[in-house]
Amino acid sequence: MNYNISMVTKEMIRQIPKVELHDHLDGGLRPETIVELADEYGIALPEKDPERLAQWLHRGSDRKSLPLYLESFGVTVAVLQKAEALERAAYEAILDVAKEHVVYIEIRFSPVLHLKEGLNVEAVVESVLKGLERGRRETGTEYGLILCAMRDQSVAISLEIAELAVAFSDRGVVGFDIAGDENGHPPKKHLEAFQYIRNRNFNITIHAGEAFGLESIWQAIQICGAHRIGHATRLIEDMSVHGTRIEKMGTLAHFIRDKRIPLEVCLSSNIQTGAAPNFDDHPFHIYFRNGFRVFLNTDNRLMSNTTLSKEMELAVKHYNLSLKDLERLTINAMKSSFAHYDERIKIIYDVLKPGYAEVEKTSGYNGH
Ligand SMILES: O=c1[nH]cnc2c1ncn2[C@@H]1O[C@H](CO)[C@@H](O)[C@H]1O
Ligand SMILES: [Zn+2]
């Protein structure tokens with residue numbers, strides 16, 4: 001046992017309970033599973049060895065461009081066209097994150113990308129939910145599923161997915177998102193879908209401020225009614241900053257902080273897509289030190305070669321976070337989840353707070 005350590009260690013990070021709200025199902029498959037499924041279905045892969053395939057995907061994701069980052073999903077989506085494959089991917093996702101003590105996760109994916117072998121959208125969602133539920137029963141990790149529409153799809157399709165999300169709201173679906181390339185695809189194009197969700201008192205998160213600037217974040221919140229924002233990396237453009245201190249903010253940044261709008265930050269993914277230049281200059285640290293409702297996420301565990309533990313290690317290293325900071329981030333995440341209020345409170349008080357207190361006690365940590 002360690003005594004009197006002031007740095008958060010890898011082992012402490014491994015043990016602390018975690019909450020993940022931005023994790024794409026098709027961005028987090030095990031490479032071995034892709035190889036096995038491709039073999040079973042006779043699908044050609046760029047690499048046949050799991051390790052080499054993973055490296056191929058990591059290289060492909062790290063090209064400083066969101067459209068190039070998204071190209072790699074062709075490989076994972078190709079093997080996720082049957083009910084068993086979707087169920088397996090969802091089940092394994094829960095097992096994998098449970099191993100690093102993620103106690104609550106929201107997983108997202110786009111059902112219409114999985115219809116090439118004749119499944120309909122209902123069957124696709126049912127298969128994923130079946131896998132998530134099996135994972136929950138075995139590990140205790142709670143989940144919510146978010147259905148994504150893709151920005152470049154038609155409004156008819158996004159509306160169909162919005163209706164699907166609401167139809168499954170009593171069976172594990174907790175929200176609606178739009179994903180895909182941002183530049184040239186403003187969220188307001190899908191207004192009808194967002195209006196449907198809002199009319200049904202349901203939940204919206206929108207990828208915004210990743211490959212496009214403030215206009216996209218503003219539209220997501222003020223036109224589309226997003227309750228959370230995925231990334232919001234370029235909200236920094238609405239701030240003038242000295243060190244980590246914000247000297248002046250525009251009305252959008254003030255609105256987001258005043259209204260406690262949650263920002264789903266994904267550090268590694270942002271460096272790979274070029275949304276942020278490097279870890280030290282990522283705006284996360286500024287958002288966090290200035291009272292924004294932020295928390296850490298993986299985005300795509302496979303593509304971005306990461307885990308939530310790794311994202312926390314990066315944040316500790318680059319922004320000198322303490323154990324208290326990690327607890328604050330995790331509680332921020334749970335408060336921001338689309339689970340109902342009573343479920344969120346239960347996890348915060350019964351699982352997160354005692355979990356952090358336990359790690360603090362047993363690790364001998366005496367940091368700030
Ligand atoms: O960071 C991201 N920004 C925008 N779209 C993304 C990101 N990561 C994944 N996807 C897209 O979301 C789809 C459904 O899961 C994926 O197929 C991918 O195209
Ligand atoms: Zn994403």
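Centroid-to-centroid, the aromatic rings of F194 and F176 come within less than 6.0 Å. The aromatic ring centroids of F284 and H318 lie 6.0 Å or more from each other. Ring centroids of F288 and F292 are separated by 6.0 Å or more, keeping the two rings apart.
Under the 3.5 Å distance criterion, with hydrogens and angles disregarded, a donor-acceptor pair is assigned to the side chains of E100 and S309. S158 and Q153 share no donor-acceptor pair across their side chains, judged by distance under 3.5 Å alone. No hydrogens or angles considered: nothing links the side chains of E117 and Y41 as a donor-acceptor pair under 3.5 Å. Remark: the S304 side chain and the Y69 side chain contain an N/O donor-acceptor pair separated by less than 3.5 Å.
Distance check: S110 OG to F73 CZ gives 11.5 Å after rounding to the nearest 0.5 Å. Atom CG in D62 sits 9.5 Å away from atom OG1 in T273 (nearest 0.5 Å). Atom NZ of K18 sits about 8.0 Å away from atom OG1 of T307, to the nearest 0.5 Å. Note that CD1 of I178 and CD1 of I161 are 13.0 Å apart. Values are rounded to the nearest 0.5 Å. Note that the CD atom of Q219 and the CG atom of L214 stand 12.0 Å from one another [nearest 0.5 Å]. To the nearest 0.5 angstrom, E47 atom CD is 9.5 Å from L57 atom CG.
With hydrogens and angles ignored, the 3.5 Å screen pairs a side-chain donor or acceptor of T330 with a backbone N or O of L326. Side chain of N290 to backbone of I286: a donor-acceptor contact under 3.5 angstrom is found. Between the side chain of Q81 and the main chain of L113, a donor-acceptor pair closer than 3.5 Å is present. Distance alone, capped at 3.5 Å, is enough to place a donor-acceptor pair between the N203 side chain and the V174 backbone. At least one donor-acceptor pair under 3.5 Å links the side chain of N278 to the backbone N or O of D280. Panel note: side chain K64, backbone I271; a donor-acceptor pair is recorded below 3.5 Å. Counting only distance, with no hydrogens or angles, the side chain of N332 and the backbone of R293 share no donor-acceptor pair below 3.5 Å. A distance-only check finds no donor-acceptor pair linking the side chain of S216 to the backbone of A208 [under 3.5 Å]. For the pair N297 (side chain) and D299 (backbone), a donor-acceptor distance under 3.5 Å is absent. Judged by distance alone, the side chain of H58 and the main-chain N or O of A54 form a donor-acceptor pair under 3.5 Å.
You'll find the side chain of T251 stays beyond 4.5 Å of the side chain of H254, heavy atoms only. Using a 4.5 Å cut-off on side-chain heavy atoms (C-beta onward), F255 and I221 make contact. L45 places none of its side-chain heavy atoms less than 4.5 Å from the side chain of D39. Within the 4.5 Å cutoff, the side chain of C266 has no heavy atoms near those of the T298 side chain. Side-chain contact between L145 and L147 is present, with heavy atoms from C-beta onward closer than 4.5 Å. Side-chain contact between E138 and Y91 is present, with heavy atoms from C-beta onward closer than 4.5 Å.
Taking the charged nitrogens against the carboxylate oxygens, D181 and R151 have no contact shorter than 4.0 Å, which rules out a salt bridge. Under the 4.0 Å criterion applied to side-chain N and carboxylate O atoms, K324 and E327 are assigned as salt-bridge partners. Between R289 and D325, at least one side-chain nitrogen of the basic residue sits less than 4.0 Å from a carboxylate oxygen of the acidic one, meeting the salt-bridge criterion. Using a cut-off of 4.0 Å between Lys/Arg side-chain N and Asp/Glu carboxylate O, E264 and R108 are scored as salt-bridged. Contact check on R245 versus E247 returns a salt bridge, with a Lys/Arg side-chain nitrogen under 4.0 Å from an Asp/Glu carboxylate oxygen.
Residue T233 comes nearest to H282 through the heavy atom pair CG2-NE2, 3.9 Å, listed as atom of the first residue, atom of the second, then distance. Residues M12 and Y365 share a closest heavy-atom pair of CE-CD1, 3.4 Å. Residues N183 and A211 come closest through the heavy atom pair CB-O, 4.2 Å. Contact record, R63 with R59: CG-O, 3.7 Å, taken as the closest heavy-atom pair. Nearest heavy-atom pair across L115 and V121 is CD2-N, 3.8 Å. In terms of heavy atoms, L191 sits closest to I223 at CD1-O, 3.4 Å.
Screening residues 17-37 for ring-ring contact (aromatic ring centres under 6.0 Å, His included), with sequence neighbours left out, gives H22-H24, H22-H207, H22-H231, H24-H207. Listed by first and then second residue, the salt bridge (charged side-chain N to carboxylate O under 4.0 Å, His left out) pairs involving residues 343-356 are K346-D350 (not counting sequence neighbours).
Ring geometry for F109 against H114 counts as tilted: the plane angle lies between 30° and 60°, on a 0 to 90° scale.
For F202, the CZ atom sits in a packed shell: over 12 heavy atoms of surrounding residues, nucleotides or ligands are nearer than 6.0 Å. Around NZ of K130, the count of heavy atoms belonging to other residues, nucleotides or ligands within 6.0 Å does not exceed 12. Counted within 6.0 Å of NZ on K188, heavy atoms from surrounding residues, nucleotides or ligands total 12 or fewer; the atom is thus considered open. Within 6.0 Å of CD on E192 lie no more than 12 heavy atoms contributed by other residues, nucleotides or ligands. Counting heavy atoms of neighbouring residues, nucleotides and ligands inside a 6.0 Å radius, atom CZ of R257 exceeds 12 of them.
Of the candidates E311, Q272, R301, E313, T306 forms a side-chain hydrogen bond (donor to acceptor under 3.5 Å, both in side chains) with just one, namely E311.
Partners of Y196 by ring pair (Phe, Tyr, Trp, His ring centres under 6.0 Å), not counting sequence neighbours: none found. Annotation: salt bridge (charged side-chain N to carboxylate O under 4.0 Å, His left out) contacts of R88 (sequence neighbours excluded): E36, E92. For the ring pair (Phe, Tyr, Trp, His ring centres under 6.0 Å) test, no residue two or more places apart in sequence or in another chain qualifies with Y104. Annotation: ring pair (Phe, Tyr, Trp, His ring centres under 6.0 Å) contacts of H185 (sequence neighbours excluded): none.
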Exercise for review: Please test E106 against R228 for side-chain contact (heavy atoms from CB on, under 4.5 Å), starting from the C-alpha separation and ending with a verdict.
Suggested key: CA-CA 13 Å; E106 285 175 9; R228 299 197 313 235; 2.9 Å; yes
Practice item. Begin from the C-alpha positions of E87 and S127 and carry the test side chain to side chain donor-acceptor pair (under 3.5 Å) through to its verdict. Key: CA-CA 5 Å; E87 184 186 337; S127 307; over 6 Å; no
**Study point:** Stepwise salt bridge (charged side-chain N to carboxylate O under 4.0 Å, His left out) test for R234 and E237
**Key:** CA-CA 6 Å; R234 293 181 59 177; E237 293 168 12; 2.6 Å; yes
Check your understanding: Given I34 and L302, is the side-chain contact (heavy atoms from CB on, under 4.5 Å) satisfied, shown in steps?
Key -> CA-CA 11 Å; I34 303 177; L302 169 62; 3.6 Å; yes
